Colleague: 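So that we are looking at the same thing, I have put the structure below in structure tokens.
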Amino acid sequence: METKKIEKKWQKYWKENHTFEASNESDKKKYYILVEFPYPSGAGLHVGHVRSYSALDSVARMKRMQGYNVLFPMGWDAFGAPAEQYAIKNHIHPSIAVKENIKTFKGQLQSLGLSFDWSREFATTDPKYYKWTQWQFLKFYEKGLAYKATVPVNWCPNCKTVLSNEDASGGVCERCGTGVVQKEKSQWMLGMKKYAEKLLDGLKDTEFQEKTKLAQINWIGKSTGAEVDFLIDHSDEKLKVYTTRPDTIFGVTFMVIAPEHPIIDKLGTRILNLDELKEYKEYASHKNEMERTQLNKDKTGVKILGFYAINPITKDKIPVYVSDYVMMNYGTGAIMAVPAHDERDYEFAKKYGIDIIPVIEGGDINKEAYVGDGVMINSGFLNGIDNKRDAIFEMTEYMEKNAIGKRCVKYRLQDWVFSRQRFWGEPIPMINCPTCGWVPVPYSDLPVKLPNVASYEPTETGESPLASIDEFVNCKCPKCGGPAKRETDTMPNWAGSSWYWLRYMDPNNDSEFVSQDALNYWGKVDWYNGGMEHATRHLLYARFWNNFLYDQGLVPNAEPFKLRTSHGMILGSNGEKMSKSKGNVINPNDCVDEFGADALRVYEMFIGDYEKEVNWSTDSLKGCRKFLDRVERIGEKVRESNRFSKEIEVLINKTIKKVTDDLENLKYNTAVSSLMILLNELEKLDNITTKDYRTLLLLLNPMAPHITEELNEIYNLGDHLCESSWPKYNKEKLIDETITIAIQVNGKLRGTIEVSNDTDEESLKKLALANDNVKKHIEGKTIVKTIVIKNKIVNIVVK
RNA sequence: GCUUGUGUGGCGGAACUGGUAGACGCGCACGACUCAAAAUCGUGUAUCUAUGAUGUGAGGGUUCGAUUCCCUCCACAAGCACCA
């Protein structure tokens, strides 16, 4: 039968028999495998999706055969800008384009024979799903973790929307590439900062890959130091700074505050050059518009005329500067500058002619050997202390005793800007009443649905398109019944993906976001695979969200994911990222049409190290097709027997072990290659047994599920593979009876000998010395030493 | 700049706790089958000044023995980026 027909036949069988649908009630051990659900773009499935989905599908299939109740779901992360842009252009509701795209994606995934449980499918854009996203937002609000704040936000003048720091990385809009400007805007925020320590600490309870943990740790960016108060001369005002090096306070020769620092307004009447400072603030806010990628930016700044700060230790008068190298959103927005030991402060001091006082011996910044540790000098009571740990400790103690400052911890992690001025997102379920203020939409009124209109143009003022839809905006205040207005901002793209794995456990529940029974049964996701690009933001948002739900007693675990792995990208055959403009895009449909789904799946697993990026090679794909053809052809040599052929008994046991281990350890490429080796050996035999063949097919089934099922049926080898047990190996049959031992002279290979397994050291030595080539190389020399490692090697050291 | 990775044939990549480097596949060459081609099968395929020597980014070290461990350096990739 032709490949296509075979594939369709089995796909139909699996569907009709609900083969891959997981049960929420089972005596079997559960295993939850999650792959990141795709954004259903108009471009269709990418070969990169196929890589991770095939790989984890093979794990899911193996686990089922090993007797687990496997949950391997799929859905759609379907809110987002592209659908909205498309809608604006064509004046059709985004849900229509999304529906189309989902249809395409689903068809493509199904044609690959991936064993997803389609009965649990949903899209984040389904009102039945986003009802619960909104419900959870209200929980955040109730706990004070969702709040409105006026914050300087990244603003894209082209898209007319607020961007998160993440979406504005590099100072340009992630979507359109326009330079981002700073703008003050009232936004909904989620209090993620409060969870910084938990998110850091919770990593202990995960088995994430080390690189993923590190990425998260970096992103959270914890640092310990001290907050120190500098009094302002002739005033009760204080300037609070954060420093990780309180020990260097004797070296402070100036201070720097962020352009937005509130003290400027507070002491406005005393400041002689207020206009200049305002001008600088204006300049700084536009700075992002310019090439922010420019490195080694020149330090700029303005000295505040009119007041000084007082060093709390030395009582010196310290000039205060405004500069944009200090950020308002980190620490206290103010720093004590120690130009002798900090590169940035040094640069600034040089430019503005400020004194530089070294306080660490040999730590002078303008010397090559800049060090941050050494003997304290010019530092009063710290003089002579020879390491920073003790110096920091002494100083902090002193500060706390004298109420000058105190120990504290800071995080780089910021609260999550949760508002977007877009149409195509979950409406934030809040109502603004002129008398009651912000009032949450009652739970019973959820979901707040997106209206069905035909215009999605953003407004000039930067409000969401929803703001111009009166029937949506105008409503009654749930509290006082008076006229009120709905929040028109929607949630960011990341919202829907911050809890989707929970919904899969119980996707059709109308009364709860997921039932407690389902939560208790499925627990944590056992294995979550996705792209490395999501190792920080998505993974942090998801963990934050889940930690919050846990604190509310809504889910049984603080951490949602046990293991997290990530796959490498697939590049075009020219080594560049696949893109339409480069003409190097490979469409998985074409591959399925020409070579079959099985061949594509096997190829994508064989293509290379799963965690590294790889270049596409259609030739290699052909090779995998050939491999499957050979598997098919060898069936002609099968003879009935329930034993392994003697010649390959050890090899086949080894292969079972290898494939089993490799599939669990991201070593998909060697899993495939070990099956190729097995096939090579089987081909050398005149005939093979039914047990040989069925074992080969069982092992290959997770990777090439269609052809293997078909061959199993054609040769009448037994139950359907997907309903059979995974092969087990016999530990005693893992070692060959005869093995090859390498013989070296002075570490160089001079020959090999065949010996029976476990030949003792003394005999090995004798055999080695008897070898002709060895004799030649030791002739006329003295043997200094002989190293014999059983079953491995003999090394003769001569002089 | 910082953090984290990665450097192995023409190519993708193997190599257990240090023990025969280059498994497996692609490509290429030759051969078989064929009138011929495709497909298929078989053989070979690191390099060189070739009975030997050299080879895992470069240089050093530890060891009987190093792709593997240690030090220095180089290149590339990803992430972060004035974080005090």
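Naming convention: chains lettered A, B, ... in sequence-line order (proteins, then strands); numbering from 1 in each chain. This structure is a prediction, so every number in the text was calculated from the model and none was measured.
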Colleague: Can you tell which of A:Asp662, A:Thr660, A:Thr655 makes a side chain to side chain donor-acceptor pair (under 3.5 Å) with A:Lys658?
Modeller: A:Asp662

Colleague: Looking at A:Glu594, I'd like to know if its CD atom is crowded, meaning that more than 12 non-hydrogen atoms belonging to other residues, nucleotides or ligands lie closer than 6.0 Å.
Modeller: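 For A:Glu594, atom CD is not crowded (no more than 12 foreign heavy atoms under 6.0 Å).
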
Colleague: Go through the structure and list residues passing side-chain hydrogen bond (donor to acceptor under 3.5 Å, both in side chains) with A:Asn574, not counting sequence neighbours.
Modeller: A:Glu576, A:Asn584

Colleague: For a quick test of reading the model: is some side-chain N or O of A:Tyr242 closer than 4.0 Å to OP1 or OP2 of B:A84?
Modeller: no

Colleague: I need the CG-C1' distance between A:Asp342 and B:C82, as an integer number of Å.
Modeller: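 Distance, rounded to whole Å: 9 Å.
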
Colleague: Base, sugar-phosphate, or nothing for A:Thr740, non-hydrogen atoms under 4.0 angstrom?
Modeller: base

Colleague: Identify, with sequence neighbours excluded, every residue that meets side-chain hydrogen bond (donor to acceptor under 3.5 Å, both in side chains) alongside A:Asp415.
Modeller: A:Tyr147

Colleague: In whole angstrom, give the distance that lies between atom CG of A:Asn665 and atom P of B:C16.
Modeller: 13 Å

Colleague: Using the P atom as the point on both nucleotides, what is the distance between B:U47 and B:G42, in whole Å?
Modeller: 23 Å

Colleague: Ignoring backbone atoms, establish whether A:Lys748 has a side-chain N or O less than 4.0 Å from OP1 or OP2 of B:U54.
Modeller: yes

Colleague: Mind checking the P distance from B:A78 to B:C73? Whole angstroms is fine.
Modeller: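 Those two atoms are separated by 23 Å.
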
Colleague: Against A:His777, only a single residue in A:Lys748, A:Arg750, A:Gln744 fulfils side chain to side chain contact (heavy atoms under 4.5 Å, CB included); can you say which?
Modeller: A:Arg750

Colleague: Looking only at side-chain atoms of A:Ala742, point me to the closest of B:U20, B:U4, B:G12.
Modeller: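 So the side chain of A:Ala742 is nearest to B:U20.
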
Colleague: Between B:C48 and B:A37, how many Å separate the two P atoms, rounded to a whole number?
Modeller: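 Comparing P positions in B:C48 and B:A37 gives a spacing of 31 Å.
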
Colleague: Would you indicate what A:Lys410 reaches in the nucleic acid, counting non-hydrogen atoms under 4.0 angstrom: base, sugar-phosphate, or nothing?
Modeller: nothing

Colleague: Between B:U54 atom P and A:Leu749 atom CG, what is the distance in whole Å?
Modeller: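 Nearest whole value for this atom pair: 13 Å.
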
Colleague: Write down the distance separating the P atoms in B:A77 and B:G60, rounded off to the nearest Å.
Modeller: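 About 28 Å, rounded to a whole number of Å.
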
Colleague: Please determine whether a side-chain nitrogen or oxygen atom of A:Arg750 lies at a distance below 4.0 Å from atom OP1 or OP2 of B:A53.
Modeller: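 So the side-chain polar atoms of A:Arg750 do come within 4.0 Å of the phosphate oxygens OP1 or OP2 of B:A53, strictly under.
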
Colleague: How is the base pairing of RNA chain B summarised as a dot-bracket string, given the Watson-Crick and G-U wobble criteria with both distances under 3.5 Å, [ ] for crossing and | for another strand?
Modeller: (((((((..(((......[....)))((((((.......))))))(((...)))..(((((..]....))))))))))))....

Colleague: Using the P atom on both, measure B:A39 against B:A29 and round to a whole Å.
Modeller: 13 Å

Colleague: Could you tell me if the ring centre of A:Tyr603 sits under 6.0 Å from that of A:Trp616?
Modeller: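 Yes.
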
Colleague: Using the rule side chain to side chain contact (heavy atoms under 4.5 Å, CB included), only one of A:Ile743, A:Thr759, A:Val774 pairs with A:Ile753; which is it?
Modeller: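 One option only clears the test, and that one is A:Ile743.
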
Colleague: What string of B, S and - do you get for nucleotides 23-34 of chain B 5' to 3' if you count protein non-hydrogen atoms under 4.0 Å?
Modeller: BBSSS-------

Colleague: Atom NZ of A:Lys350 to atom P of B:C82: distance rounded to whole Å?
Modeller: 24 Å

Colleague: For a quick check of understanding: with a heavy-atom distance under 4.0 Å over all strands, which category does A:Thr752 fall into, base, sugar-phosphate or nothing?
Modeller: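 The residue A:Thr752 makes base contact.
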
Colleague: Using atom CE of A:Met336 as one end and atom P of B:C82 as the other, report the distance to the nearest whole Å.
Modeller: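 These atoms are roughly 21 Å apart.
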
Colleague: Would you kindly compare A:Ile335 and A:Arg633 by the position of their nearest RNA chain B nucleotide and give the one closer to the 5′ end?
Modeller: A:Arg633

Colleague: For B:A46 versus B:A21, give the span between their P atoms, rounded off to a whole number of Å.
Modeller: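 That atom pair is separated by 14 Å.
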
Colleague: Inspect the contact between A:Asp629 and A:Lys626 and indicate whether a charged nitrogen and a carboxylate oxygen are less than 4.0 angstrom apart.
Modeller: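 Looking at A:Asp629 together with A:Lys626, the answer is no, because their closest N to O distance does not fall below 4.0 Å.
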
Colleague: Evaluate the ring planes of A:Phe348 and A:Tyr352, with Trp represented by its six-membered ring, and classify them as parallel (under 30°), tilted (30 to 60°) or perpendicular (over 60°).
Modeller: tilted

Colleague: Does A:Phe544 have its ring centroid less than 6.0 Å away from the ring centroid of A:Tyr541?
Modeller: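 No, too far apart.
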
Colleague: Mind checking the C1' distance from B:G9 to B:U54? Whole angstroms is fine.
Modeller: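 Taking atom C1' in both B:G9 and B:U54, they lie 14 Å apart.
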
Colleague: Nearest whole Å is fine: how far is B:G12 C1' from A:Met605 CE?
Modeller: 16 Å

Colleague: Since syn is defined as within 90° of 0, does B:G9 count as syn or as anti?
Modeller: syn

Colleague: For A:Thr244 and A:Lys612, find the nucleotide of RNA chain B closest to each by heavy atoms; which residue's nucleotide sits nearer the 5' end?
Modeller: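 Nearest-nucleotide comparison on RNA chain B picks A:Lys612.
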
Colleague: Give the rounded distance in Å between these two atoms: CD of A:Glu576 and P of B:A77.
Modeller: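 So the CD-P distance, A:Glu576 to B:A77, works out to 12 Å.
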
Colleague: So, OP1 or OP2 of B:A81: does either fall under 4.0 Å of a side-chain N or O from A:Arg412?
Modeller: yes

Colleague: Among residues 774-797 of chain A, which residues get a heavy atom nearer than 4.0 Å to RNA chain B?
Modeller: A:Lys776, A:Lys785, A:Ile787, A:Ile789, A:Lys792, A:Ile793, A:Asn795, A:Val797

Colleague: For A:Asn653, enumerate each residue passing the side-chain hydrogen bond (donor to acceptor under 3.5 Å, both in side chains) test, keeping only those at least two apart in sequence or located in another chain.
Modeller: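 Not a single residue meets the side-chain hydrogen bond (donor to acceptor under 3.5 Å, both in side chains) criterion with A:Asn653.
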
Colleague: Using a 4.0 Å heavy-atom cut-off, does A:Glu613 contact any base of the nucleic acid, only the sugar-phosphate backbone, or nothing at all?
Modeller: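 Result for A:Glu613 = sugar-phosphate.
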
Colleague: Thinking salt bridges, do A:Glu761 and A:Lys790 make one under a 4.0 Å N-O criterion?
Modeller: no

Colleague: Would you say A:Lys637 has more than 12 foreign heavy atoms packed within less than 6.0 Å of its NZ?
Modeller: yes

Colleague: Write down the distance between CD (A:Glu683) and P (B:U40), rounded to a whole number of angstrom.
Modeller: 12 Å

Colleague: Run the salt-bridge test on A:Asp736 and A:Lys654 with the 4.0 Å N-O cut-off and return the result as yes or no.
Modeller: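 Salt bridge flag = yes for A:Lys654 with A:Asp736.
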
Colleague: Describe the nucleic acid contact of A:Lys667 in one word from base, sugar-phosphate, nothing, applying a heavy-atom distance below 4.0 Å.
Modeller: sugar-phosphate

Colleague: Considering only atom P, compute the distance from B:U6 to B:A84 and round it to an integer number of Å.
Modeller: 27 Å

